Every structure is written in C-alpha cells, then in structure tokens.
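A note on names: the letters A, B, ... follow the listed sequences, proteins ahead of strands, and every chain is numbered from 1. Not measured: the values here are computed from a predicted model. Quick note: numbers below take in every heavy atom, side chains included, and nothing from hydrogens, waters or symmetry partners.
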Amino acid sequence: MHPDSPIEDGHVADYSAIEAFRAEVLAHYADAGRTMPWRETCDPWRILVSEVMLQQTQVARVIPAYERFLAAFPTPDALAAAPLEDVLRLWQGLGYNRRAVALKRAAGSIAEEHGGSVPDSLEALRALPGVGPTTAAGVMAFAFGVPGVYIETNVRAAFIHRFVGDLDDVSDREILPYYEAALDRADPRTWIHALMDYGAHIKKTVPNPSRRSRHYARQSAFEGSRRQKRARLLRAVLARGAAVAEDAAFDLDVPVPEAAELLALLAEEGFLAEDGGVFRVADS
DNA sequence: GTCCGGCTCC
DNA sequence: GGAGCCGGAC
C-alpha cells in the first residue's frame, strides 16, 4: 500500500485525502467533463445498451453504433422481436459479436419476465445474459441512482494513480476501500461519470495505470487469429444470406475443414443455424 | 507491429 | 483464475 495511503486496514484513516481527491475529480469534471449520448438520459434501456456496448470497446466507437442501434431498437420489446440478422448487422464495427446475441437474449428475458421494463435490482440485472457485476452496477447507478461497486478501467486508473503508488498487480479488492470512501451515495451517477473522466484524463498524462491492475489482460495478436476469422466469417454469412462450408472456405481463404469447424462453432454459440450443411443467421 | 477494453465458460 | 472473444487508431 502507498505510504501516504488514507486507508488503513480497509478503513478510512484520512478523510482529508479522500476529500482532496474528490475535489480534484469534480473540478476536472466541471472543467473538462465529456459529453456522451448515454449521459443525456436516465432511460434504463438506453443505459443498458450503452453499458453492454462499452464492454471492451472505446467511447468513440460506441457513439455511432449506440445511435443507430437505439434508433432501430428503442425498447427491449423491439430488440426481442427483431431478426438476429438485423441485430448483428447493426452491431458490425463494435466487435465481440456475442455481446449482440446476449443483448438480444437479455431483451427477450426483459420482455418475458419483467414486463418489458429493465429490472431495477442488481440481482435481476446480473441474471441477464451478458450482464456481469460492472454492467449491472452501471445500470443501477446511471439509470436508477443507486450507488454500487462500478470498478472498470478508468476507475482503476484513477485510484491506482492517485493512491497505490508504483505497485504492480493491484487487485480490485485493494482499490475497493478507496472506491467506497470516495463514492457519492447521494448522486453516484454524476460522481462515477466524473471519476471515469478523471481516469481517462490520467491515462493521457501517465502510462496507463490500469495496466498495473491484476485484472488487466493483454490481448493476443488479432491478425491471423481465430477471432479475426470468426468475425470475417460472420460478415461473409451476413453478406451471402446463407453459406455452405465451401463458400466460407473461399471467403476466408482457409481449408474447407477449418471453415466447417468455424461455422459449426458459430452455430453452437447461437449466431447461426444449420440446415443440411447450409448455414444462415439463427432465427433468434 | 502495439494499444485499448468486461463477460462467459471452463 | 485463465482462456477466448473484435476492431480500428496509431
């Protein structure tokens, strides 16, 4: 732990350091807070869509996708009723297509089990496919004004930079006392927005402190990877409407058995449906 | 080539 | 707890 840590044994020992941190974060927010479309709304559906899109995807790339996606699917019912093919088309450019499949399933669950309204409890949100602890906490805070543990990359950067010193391999458990001490329980939405903007700003002034998080995972190379082939294959099927293994092999320039394996894998994961060797985007 | 980023399934 | 999942900027 940092020698000047305001936390001892998991409790706040120095409120003034936390207060100074809060003041700095809020001053930065007042001066240079970022505008984002999902910060203009408290609609839980729009918040949920933004949080899912922001998983592993940067703000600049989410903004246009967010606008076109919500224009097409303004409610959970609209997404639940839409063909998966349309959903995946609108997802292109964001990456990690399985998020789109999960979000459509989540919309179905919201329609069926929650009367079409995004649930307002952490537990019910967490039960939705593609919604983990952070996304659920984000919806609770940003849509419903309920404070919770929302520790993502910018938040990690802010606390590691400010309170952890030069240590590596920092766990979220270590950050949590600072997070809890600094959290504005009356207005978590504004506070967390400010905190994220501060973290994002910090990353521009020092090497990304999030890389010192235990939870930071460096990606393997994308070029030539299975991820790349899967993505290209899904695009090819969307373009063709239907494909057999030989089509896929041609589109990807891979051997037919590999193309067949990739098609089967996408089918298993709910992207595609097979009928006698012909693969199309799944019905739902 | 390097960088950035949460959830799911094992 | 570790592996797998995308794409565009640079």
Exercise. Does the ring of Tyr96(A) lie flat against the base of dC6(C), closer than 5.5 Å centre to centre with planes under 30°?
Worked result: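 Check passed, Tyr96(A) stacks on base of dC6(C).
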
Do [X] side-chain atoms and [Y] backbone N/O form a donor-acceptor pair below 3.5 Å?
| X | Y | answer |
| --- | --- | --- |
| Arg227(A) | Ser220(A) | yes |
| Thr57(A) | Gln55(A) | yes |
| Ser50(A) | Ile47(A) | yes |

With sugar-phosphate meaning primed atoms plus P, OP1 and OP2, does [X] contact a base, only sugar-phosphate, or nothing at under 4.0 Å between heavy atoms?
| X | answer |
| --- | --- |
| Glu152(A) | sugar-phosphate |
| Val131(A) | sugar-phosphate |
| Gln56(A) | base |
| Arg232(A) | nothing |
| Thr135(A) | sugar-phosphate |
| Arg126(A) | sugar-phosphate |
| Arg99(A) | nothing |

How many whole angstroms separate atom [atom1] of [X] from atom [atom2] of [N]?
| X | N | atom1 | atom2 | result |
| --- | --- | --- | --- | --- |
| His215(A) | dG1(C) | NE2 | C1' | 11 Å |
| Gln55(A) | dC6(C) | CD | P | 13 Å |
| Gln219(A) | dC6(C) | CD | P | 10 Å |
| Leu94(A) | dC6(C) | CG | P | 12 Å |
| Phe271(A) | dC5(C) | CZ | P | 10 Å |
| Leu234(A) | dC5(C) | CG | C1' | 13 Å |
| Glu223(A) | dC6(C) | CD | C1' | 13 Å |
| Phe222(A) | dA9(C) | CZ | P | 13 Å |

Exercise. Do Arg61(A) side-chain and dG7(C) base share a donor-acceptor contact under 3.5 Å?
Worked result: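 Yes, a donor-acceptor pair under 3.5 Å.
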
For this session: Step through it carefully: locate the ring centre of Phe21(A), locate the ring centre of Tyr198(A), and say whether they are under 6.0 Å apart.
Result: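 Judged by ring-centre distance (under 6.0 Å), Phe21(A) and Tyr198(A) do meet the cut-off.
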
For this session: Could you go through the side chain to side chain contact (heavy atoms under 4.5 Å, CB included) check for Arg232(A) and Val254(A) one step at a time?
Result: CA-CA 12 Å; Arg232(A) 283 169 51 198; Val254(A) 299; over 6 Å; no

Does a side-chain N-to-carboxylate-O contact under 4.0 Å join [X] and [Y]?
| X | Y | result |
| --- | --- | --- |
| Arg156(A) | Asp172(A) | yes |
| Arg22(A) | Glu19(A) | yes |
| Lys229(A) | Glu261(A) | no |

For this session: Would you indicate whether the side-chain heavy atoms of Glu174(A) and Ile160(A) approach each other to under 4.5 Å?
Result: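 Result no, sub-4.5 Å side-chain heavy-atom pair not found.
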
Problem set entry | Within residues 247-269 of chain A: residues closer than 4.0 Å to DNA chain C (heavy atoms) |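 Those residues whose heavy atoms fall under 4.0 Å from DNA chain C, taken from residues 247-269 of chain A, amount to none.
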
Exercise. Chain A on DNA chain B: first and last contacting nucleotide, 5' to 3', under 4.0 Å to a heavy atom?
Worked result: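 Here the contact window of chain A covers dC3(B) to dT8(B).
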
Exercise. Counting only side-chain N and O atoms of Gln58(A), is one of them less than 4.0 Å from OP1 or OP2 of dG7(C)?
Worked result: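 No.
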
Problem set entry | Along DNA chain B (nearest heavy atom to each residue), the more 5'-positioned of Leu128(A) and Leu54(A) |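 Of the two residues, Leu54(A) wins.
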
Exercise. When the ring planes of His193(A) and Phe142(A) are compared, do they come out parallel, tilted or perpendicular, using 30° and 60° as the limits?
Worked result: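 His193(A) and Phe142(A): parallel rings.
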
